[in-house]
Amino acid sequence: MAAAGALADVARVGAAATAVVAEQSIGQAIKAWDKVGNGQKLAYDAELAGQVDALRGGDIQDAVTVQKIANKADQFLNGGDGDRVQVTEGTGVYGAAHKNNETIYLDMGTDGEGNRLLGSAVNTVAHEGGHKDGAGEISAAVTGFMTGLANSVNAWANSEQIAVAKQAFMKGLEAVPAVSEAENRALLNKNNSAFWEDAANNELDYRQLHLSEKELLKAKAADFAGKFKEAGYTPVTEAQALAILTEQAENKVDKTHAWRRDTATADDAVKAAAQQFLNQTAQEAGFYDDGRGNKIQYFTNFTAAGENRFEDYANRSINNNEVEVPGAKLHAFSPTSSSRETSARDVANASVNADPNYMPFFDYTKLQVGAFGKGVAISLNKHDGSVYMEGGASTSFEGFRPSLSPSPSFSLVVGRMLDGPNTPPERADAVNEMMGGYSWSASACGAAGFCAGVNRSVVPAGQTAYTAFELGVGTPGVGLGLSVSGQVGKLPRKLAP
């Protein structure tokens, strides 16, 4: 139990520090600190924790009961009013927060791989609650993750009590009349209708593609799949082509979606090709009627008169041929192998500084917290705004003896690669290669809190391993660690350093 509490303390520090960095707000840091603490406390409210465990595990199938439990969790974590969480099914998103009222949507369906979205219910409720508290996407995402982490670890520590409470709750449900299918369906139909209406009116914290845009993508998916074969790419099915086009179209019209990690493809050249194809398709198709008297140019947020109808539009006009999304720079889709290779290099996180002698003072910033030999970190590529989450194990030293200190630790450092290319686009690529995947590190922080360390990527034979020197501040100590990291998103260009 002590270890679980210590990890929760680490999670609180991480969430609060991220709020300070991302929001530049002490108030948001306090809210993030409290929210993660509430995630820990929830694990020791056995009655509610048992109900949440049943919700997350799929033991409860009716929306009426799920919504009641979700609202209790929202009250506990976020101080909600007990009625603002509306359960949906089949929206394709974990959750969403209304911009102008207190509504939070929580989906009880599955993702594209069949995983239950409610498995991350604590994370999602805390994340969307963060938005209702005024937090941006980065702070809300990290706070949600840390809240879920603190809850999961402490729920494990209190698992026996939670299991007893869960069993009693499930028996209680058996003792009362079951929710009818008609009542269940009526609630879902009402909530789903409200969700899609809010999405169409741009009332949610992200922009949904309009039905007309979706129909156009379906009609053009086969054409895009054919481009792959012409260009020498590995052939894709029409369904795969549609998934790629849909993801990049959502990136074009919504800055929050663009920040998130792409899942349909990780190839920056393919992303750029999809964006170029969307530009050409939109120019050919012209405008659609949004149902509210507006003619909107396809895959943009602009009317025929040039008015921006969606306040969260993050990109330039579609005719500019450049968008602020992962794989930021667009290139013509070339059928030649050599051009495709050039596009892949240039597209990947193009830098705004074209000086061939450019060498930054630092390449990335990293915030790390840990305890009991485990830690998590969030890192930012200075060149292109790519954001990474990292987890790993480490050992500290007392004298020359390794130990797993129970005391929470943190560090905030900047890193500069000691090798790698010196031109901006290639440098950005190399930093992303170093930050993604496995790495080992050695660090030392003095009594005054100043830190120095070395980080080296671990790669298969034949690939380039990069080494970086780190400087910063943190809790005193000496340590060695091994970690694995993955990209979780990318800051919009206007927010990237």
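- In this structure, CG on Asp363 lies 12.0 Å from OG on Ser379, to the nearest 0.5 angstrom.
- Lys31 meets the salt bridge (charged side-chain N to carboxylate O under 4.0 Å, His left out) test with no other residue; sequence neighbours excluded.
- Under the 3.5 Å distance criterion, the side-chain polar atoms of Gln40 are left unmatched by any main-chain donor or acceptor of Asn154.
- Side chain of Thr124 to backbone of Ala121: no donor-acceptor contact under 3.5 angstrom is found.
- A side-chain donor-acceptor contact under 3.5 Å links Gln67 to the backbone of Val87.
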message = Is there a side-chain hydrogen bond (donor to acceptor under 3.5 Å, both in side chains) between Arg116 and Thr110? Walk through the geometry before answering.
response = CA-CA 4 Å; Arg116 284 176 50 80; Thr110 59; over 6 Å; no

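- Of the possible polar contacts, none joining the Asp74 side chain to the Ala70 backbone as a donor-acceptor pair under 3.5 Å is found.
- Side-chain atoms of Asn101 come within 3.5 Å of backbone atoms of Thr103 as a donor-acceptor pair (strictly under, hydrogens ignored).
- Considering CG of Asn151 and CG of Asn123, their distance stands at 10.0 Å, rounded to 0.5 Å.
- Using a 4.0 Å cut-off between charged nitrogen and carboxylate oxygen, Lys35 and Asp133 count as a salt-bridge pair.
- Atom-to-atom distance recorded for Glu47:CD and Ile162:CD1 is 12.5 Å, nearest 0.5 angstrom.
- Looking at His98, its side chain never comes within 3.5 Å of a backbone N or O of Glu102 through a donor-acceptor pair.
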request  = Walk me through it: do Tyr364 and Glu470 pass the test side-chain contact (heavy atoms from CB on, under 4.5 Å)?
outcome  = CA-CA 9 Å; Tyr364 62 90; Glu470 297 177 344; 2.6 Å; yes

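- There is a side-chain donor-acceptor pair under 3.5 Å between Tyr388 and Asn432.
- The pair Glu390-Lys366 meets the salt-bridge criterion, with a side-chain N (NZ, NE, NH1 or NH2) lying under 4.0 Å from an Asp/Glu carboxylate O.
- Considering CD of Gln368 and OG of Ser411, their distance stands at 4.5 Å, rounded to 0.5 Å.
- If you take CG on Leu48 and NZ on Lys41, they are separated by 14.0 Å, rounding to the nearest 0.5 Å.
- Residues satisfying the ring pair (Phe, Tyr, Trp, His ring centres under 6.0 Å) criterion with Tyr105, sequence neighbours excluded, are Phe195.
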key: Pair Met417-Thr467, side-chain contact (heavy atoms from CB on, under 4.5 Å): steps then yes or no   = CA-CA 6 Å; Met417 292 201 310; Thr467 303; over 6 Å; no

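- A donor and an acceptor atom, one from each side chain of Asn381 and Gln487, are nowhere located under 3.5 Å apart.
- Atoms CD and CZ, on Gln51 and Arg56 in that order, are 14.0 Å from each other to the nearest 0.5 Å.
- Remark: side-chain polar atoms of Asn71 are paired, donor with acceptor, to backbone N or O of Asp83 under 3.5 angstrom.
- Contact between Ala165 and Ala46 at its shortest, heavy atoms only, is CB-O, 3.2 Å.
- Smallest separation of non-hydrogen atoms from Ala452 and Leu471: CB-CD2, 4.0 Å.
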request  = Please test Asn78 against Lys132 for side-chain contact (heavy atoms from CB on, under 4.5 Å), starting from the C-alpha separation and ending with a verdict.
outcome  = CA-CA 9 Å; Asn78 303 316; Lys132 301 316 302 176; over 6 Å; no

key: Verdict with reasoning, Val36 to Phe145, per side-chain contact (heavy atoms from CB on, under 4.5 Å)   = CA-CA 9 Å; Val36 177; Phe145 174 82; over 6 Å; no

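- In terms of the side-chain hydrogen bond (donor to acceptor under 3.5 Å, both in side chains) criterion, residue partners of Asp53 (sequence neighbours excluded) are, by chain and number, Lys166.
- A donor-acceptor contact under 3.5 angstrom links the side chains of Asp107 and Thr88, judged on distance only.
- For the pair Ser457 (side chain) and Tyr466 (backbone), a donor-acceptor distance under 3.5 Å is present.
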